There are 2 protein chains.
Amino acid sequence: MSSESSSKSAINEGLYSTFRSLGYDGATLAALSRATGLSKASLYYHFPGGKQEMAATLLRDSVTQLNLLAFKQLNKKKRTANERIQRFLAGFSEYVSHGQENCLAAILVMGGARPLFLSSIKQQTESWLADLTNAYTEAGLSDKKARRKALEMFTSLYGGLCMAQMLDDPKIFQQTVNRLSKDAE
Amino acid sequence: MSSESSSKSAINEGLYSTFRSLGYDGATLAALSRATGLSKASLYYHFPGGKQEMAATLLRDSVTQLNLLAFKQLNKKKRTANERIQRFLAGFSEYVSHGQENCLAAILVMGGARPLFLSSIKQQTESWLADLTNAYTEAGLSDKKARRKALEMFTSLYGGLCMAQMLDDPKIFQQTVNRLSKDAE
DNA sequence: GTCTATATTAAGATAGAC
DNA sequence: GTCTATCTTAATATAGAC
């Protein structure tokens, strides 16, 4: 790991947390500059495409992170289907800091920048849904029931995040995860 | 109904749809002006507090609307508890145009303007949750179970809206409502 | 790679005529 | 009540030195 890549990930960390807490429109270059410790000009050196390229990059990074933490757990064929789902839930929860943060894809798709990112988010969400559906079919459910269960789980996870924001209490999300975890046993 | 009040509601309609589709930060005065057909100066005549007053007003209006369409259905003591919940769900679905629109409170609380509206949204959400919890206790559930069921229903509704946005398909929300409706029977 | 300085455009808001 | 015109500030973006 070179010093270049470690400082690059530090920059991305600052951009990421800014987009997550302020949304796309709220994350001004001034705010992004503050969060990274870099001047606006330096940000443009790293991201010639400006703010849009920054958000697109961080969206890709966050998707990678969520895949690593959660969705890869669904592919461990040596574990039982239920164990895989338990680990998926734990990974998803970790990704959103147990309800304290929100999913960047959800933030971007709900705000004014929706048109910029919709097609990529839609595609990724469909892929996630397919992964989870597949895990349920491997647990013995019919295709139809597996799809339904997968959608219900996603709905509960994102609804839990939304309610945690509206009630300003991450425990709401944690309760949702605990319930899903028990249901999967 | 005077001509004044009818044009006022027309103005609010334009502001409302702009805030819903663009979020607080994305809804610029230029966009709000376009949507209402009024100049910026005229908007300031109606809302001396500027954009923040516009959003606060529309948030209050939308809460009133959601209360009328959905939550008032929970108080009709002449109906059975299950009927009330069915009508609540139908009203909520109507409020969000059956999954085509999103709840303004959710949009505002997820974006960069969160600090401006959080306390009022949190309070309102707690009140909604109490209403729904109450409906479940009247249906015979224990306080604890009623609260859990109410939270689960909210989580599913807002999760359904979120998934509908991410998958760009309002039917996802409609399926969620249909499931909740069947579960309540 | 990072900076200061600056250009350019857009946003929020107001003045004053009608 | 609504407008045009304008002000001020902030946002995105670039130039050019180091």
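Being a predicted model, the structure only gives us computed values, none of them experimental. Chain identifiers are assigned alphabetically (A, B, ...) following the order of the sequence lines, protein sequences preceding nucleic acid strands; residue numbering begins at 1 within each chain.
- In this structure, the side chain of A:Ser97 does not engage the main chain of A:Gly99 through any donor-acceptor pair within 3.5 Å.
- One can place CZ of A:Phe47 at 15 Å from P of D:dT14, the figure rounded to the nearest angstrom.
- As a whole-Å value, the separation of A:Arg34 CZ from D:dA10 P is 11 Å.
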Please list each protein N or O that sits under 3.5 Å from an N or O in nucleotides 10-14 of chain C, with the distance.
{"residue": "C:dG12", "atom": "OP1", "partner": "B:Lys51", "partner atom": "NZ", "Å": "2.6"}
{"residue": "C:dG12", "atom": "OP2", "partner": "B:Leu29", "partner atom": "N", "Å": "2.6"}
{"residue": "C:dA13", "atom": "OP2", "partner": "B:Tyr44", "partner atom": "OH", "Å": "2.6"}
{"residue": "C:dA13", "atom": "O5'", "partner": "B:Tyr44", "partner atom": "OH", "Å": "2.9"}

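- For B:Ser42, no side-chain nitrogen or oxygen approaches OP1 or OP2 of D:dT2 to under 4.0 Å.
- Across C:dT4, D:dT2, C:dG1, the shortest atom-to-atom separation from the side chain of A:Tyr45 is found for C:dG1.
- Taking the ring centre of A:Tyr95 as origin, the terminal cationic atom of A:Arg20 falls inside the region bounded by 6.0 Å and 45° from the ring axis.
- Side-chain contact annotation: B:Gln175 with A:Arg148, donor-acceptor N/O pair under 3.5 Å absent.
- Between B:Phe117 and B:Tyr24, the distance separating the two ring centers is shorter than 6.0 angstrom.
- Each of B:Val96 and B:Leu22 belongs to its own hydrophobic cluster when Ile, Leu, Val, Met, Phe, Trp and Tyr are linked at side-chain heavy-atom distances under 4.5 angstrom.
- Here the CG-OG1 distance, from A:Leu74 to A:Thr133, works out to 10.0 Å after rounding to the nearest 0.5 Å.
- Nucleic acid contact for A:Gly37: sugar-phosphate only, since backbone atoms but no base atoms lie under 4.0 Å from a heavy atom of the residue.
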